[in-house]
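Worksheet: one structure, shown below.
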Amino acid sequence: MSRLYANENFPLEVVEVLRKLGHDVLTVREAGRDNQRIGDAEVLEFAVSQRRVIITRNRRDFIRLHRLQPTHHGIIVCTEDGDSEGQAVRIDA
């Protein structure tokens, strides 16, 4: 299963379902990096250092960062979705 890093804006409900599906998900809060106004580039750098794929809703910034720094372990960019379980299943797939 995947090693994921959930950005601060990513819903905990989706994280919980991903964990039930067997994924190793670390949240920004669990990493002790929440509420610190850490920039997206630093979030990506941390994910790279931890060999994790970022999951985020911050589409514009992380798509831009991917173009600027394409060497990473992956970025899954999601849209807002009220169906937490369905979104987790789609990420899993």
Side-chain angles (χ1 to χ4, degrees):
M1 287 294 154
S2 298
R3 291 174 44 86
L4 304 170
Y5 185 49
N7 195 12
E8 199 162 11
N9 68 349
F10 202 76
L12 188 55
E13 297 83 12
V14 179
V15 168
E16 292 168 352
V17 176
L18 286 166
R19 287 176 174 158
K20 287 177 184 174
L21 292 170
H23 296 280
D24 175 0
V25 187
L26 176 67
T27 67
V28 168
R29 183 175 190 192
E30 293 164 340
R33 301 170 63 83
D34 62 328
N35 298 317
Q36 296 180 30
R37 303 190 109 155
I38 294 173
D40 294 329
E42 191 175 336
V43 171
L44 180 58
E45 183 179 310
F46 180 79
V48 169
S49 77
Q50 299 297 306
R51 305 182 72 142
R52 291 182 178 272
V53 174
I54 290 181
I55 50 177
T56 184
R57 284 184 175 172
N58 190 348
R59 298 177 63 79
R60 185 180 335 144
D61 291 337
F62 278 93
I63 289 171
R64 179 185 55 79
L65 280 172
H66 169 69
R67 289 181 181 134
L68 294 172
Q69 183 184 344
T71 305
H72 50 74
H73 298 281
I75 301 172
I76 299 172
V77 180
C78 300
T79 57
E80 190 168 336
D81 186 338
D83 179 9
S84 298
E85 186 168 343
Q87 188 168 47
V89 168
R90 288 188 299 279
I91 292 168
D92 179 58

His72 and His66 aromatic ring geometry - parallel, tilted or perpendicular at 30°/60° bounds: perpendicular
Closest approach of Val15 to Ala6 (non-hydrogen atoms, all atoms of both residues): CG2-CB, 3.8 Å
Other residues, nucleotides, ligands: >12 heavy atoms within 6.0 Å of Arg90 CZ: yes
Sole candidate of Asn9, Asp40, Asn7 that passes side-chain hydrogen bond (donor to acceptor under 3.5 Å, both in side chains) when paired with Asn58: Asp40
Nearest non-hydrogen partners of Arg57 and Thr79, listed with the distance: NE-O, 4.2 Å
Pairing residues for Glu30 by the salt bridge (charged side-chain N to carboxylate O under 4.0 Å, His left out) criterion, not counting sequence neighbours: Arg19
Flag side-chain contact, heavy atom, 4.5 Å: His23 against Asp92: yes
Heavy-atom check, side chain of Glu8 versus side chain of Ile38, under 4.5 Å: no
Test item: Phe10 and Ile54 side chains (from C-beta on) under 4.5 Å apart, heavy atoms: no
Note, Val14 side chain near Asp81 side chain (heavy atom, < 4.5 Å): no
Closest non-hydrogen atom pair, Gln87 against Cys78: NE2-CB, 3.3 Å
Side-chain touch Leu44/Ile75, heavy atoms, less than 4.5 angstrom: yes
Where Asp24 and Arg52 come nearest, the two heavy atoms and their spacing: O-NH1, 3.0 Å
Distance-minimising heavy-atom pair for Arg51 and Arg3: O-NE, 3.5 Å
Heavy-atom pair of closest approach, residues Tyr5 and Val43: CE2-CG1, 3.8 Å
